[in-house]
Amino acid sequence: PMQQQKRQPELVEGNLPVFVFPTELIFYADDQSTHKQVLTLYNPYEFALKFKVLCTTPNKYAVVDATGAVKPQCCVDIVIRHRDVRASYYGVIDKFRLQVSEQSQRKALGKKEIIATLLPSAKEQQQQKEEEEKRIKEHLTESVFFEQTLCQPENRTASSGPSLLTVFLGIVCIAALMLPTLGEMESLVPLYLHLSVNQKLVAAYVLG
């Protein structure tokens, strides 16, 4: 009784952690062995727990031992059967709620929600998973390749022909060579566009 009184304040709050595994149940219509699944409720505490299993759609499931007790530092298996496998339920998410309370109390000390889904085929699910993994792998190799080309810009410009800058410089130099040299008087081009021999040599060198 003394111990009970000591524990009382922390237990009244109703947020006692509930340890249950798994937290998601997947039933496959084409695989009979998945129509029965097991939830394991663990009790790591120093006192016994009472539990109760609630469901959003109880007509679809049969819960063996929907209420019971777990001894201190023990666990209990709760069997859940899907009893209404039909196509119209594929992909619908149902919820189970596992409520626990201390043996001597009625109030729920803690609760945990578990989701349940019915899928048409385990094979389809596996294929989808494999395709998803393949896509991820392809994306990863693409991104690695992309990073490599980013790291080596010199190689990229060399292999893909002259860059825009090179072409632009070439055009400028050709234009410079075509302009009249200083000293040529009979020319239609204005004097300020006449280039010296040295300037033309520079343009020719750049072109070469």
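Between Val63 and Phe96 there is a side-chain heavy-atom pair separated by less than 4.5 Å.
Here the straight-line distance linking atom CD1 of Ile114 with atom CG of Leu25 works out to 7.0 Å at 0.5 Å rounding. The CG atom of Leu16 sits 3.5 Å away from atom OH of Tyr45, with the distance rounded to the nearest 0.5 Å. Put simply, CG on Leu98 and NZ on Lys111 are 12.0 Å apart, with the number rounded to the nearest 0.5 Å. In this structure, Glu24 CD and Phe21 CZ are separated by 11.0 Å, a value rounded to the nearest 0.5 Å. To the nearest 0.5 Å, the span separating OH on Tyr90 from OG1 on Thr117 amounts to 13.5 Å. In this structure, the separation between CG on Asp84 and CG on Leu118 is 9.5 Å, given to the nearest 0.5 Å.
With sequence neighbours excluded, no residue satisfies salt bridge (charged side-chain N to carboxylate O under 4.0 Å, His left out) with Asp30. Legend: residues meeting salt bridge (charged side-chain N to carboxylate O under 4.0 Å, His left out) with Arg97, ordered by chain and number and at least two apart, are Glu113. Residues satisfying the side chain to side chain contact (heavy atoms under 4.5 Å, CB included) criterion with Val64, sequence neighbours excluded, are Val79, Arg81. Remark: Lys60 engages Asp94 in a salt bridge (charged side-chain N to carboxylate O under 4.0 Å, His left out) (not counting sequence neighbours).
The nearest pair of heavy atoms linking Pro72 to Ala48 is CG-N, 3.7 Å. Here the closest non-hydrogen pair linking Val20 and Lys112 is CG1-CG, 3.4 Å. Of all the heavy atoms in Ser101 and Ala108, the pair that sits closest is CB-CA, 4.1 Å. Nearest heavy-atom pair, Phe51 versus Ala69, reported as atom, atom and distance to 0.1 Å: CE2-N, 3.5 Å. Taking every heavy atom of both residues into account, Arg83 and Pro58 meet most closely at NH2-O, 3.4 Å.
Residue pairs satisfying the side chain to side chain donor-acceptor pair (under 3.5 Å) criterion with at least one member in residues 63-80, sequence neighbours excluded, are listed as follows: Thr40-Asp77, Glu46-Gln73.
Between Phe27 and Tyr61, the ring center distance clears the sub-6.0 Å criterion.
In the hydrophobic clustering (ILVMFWY side chains linked at under 4.5 Å, chained through shared members), Leu119 is joined by Ile26, Tyr28.
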Step by step, work out the side-chain contact (heavy atoms from CB on, under 4.5 Å) result for Leu41 and Val18. CA-CA 8 Å; Leu41 172 64; Val18 176; 3.8 Å; yes

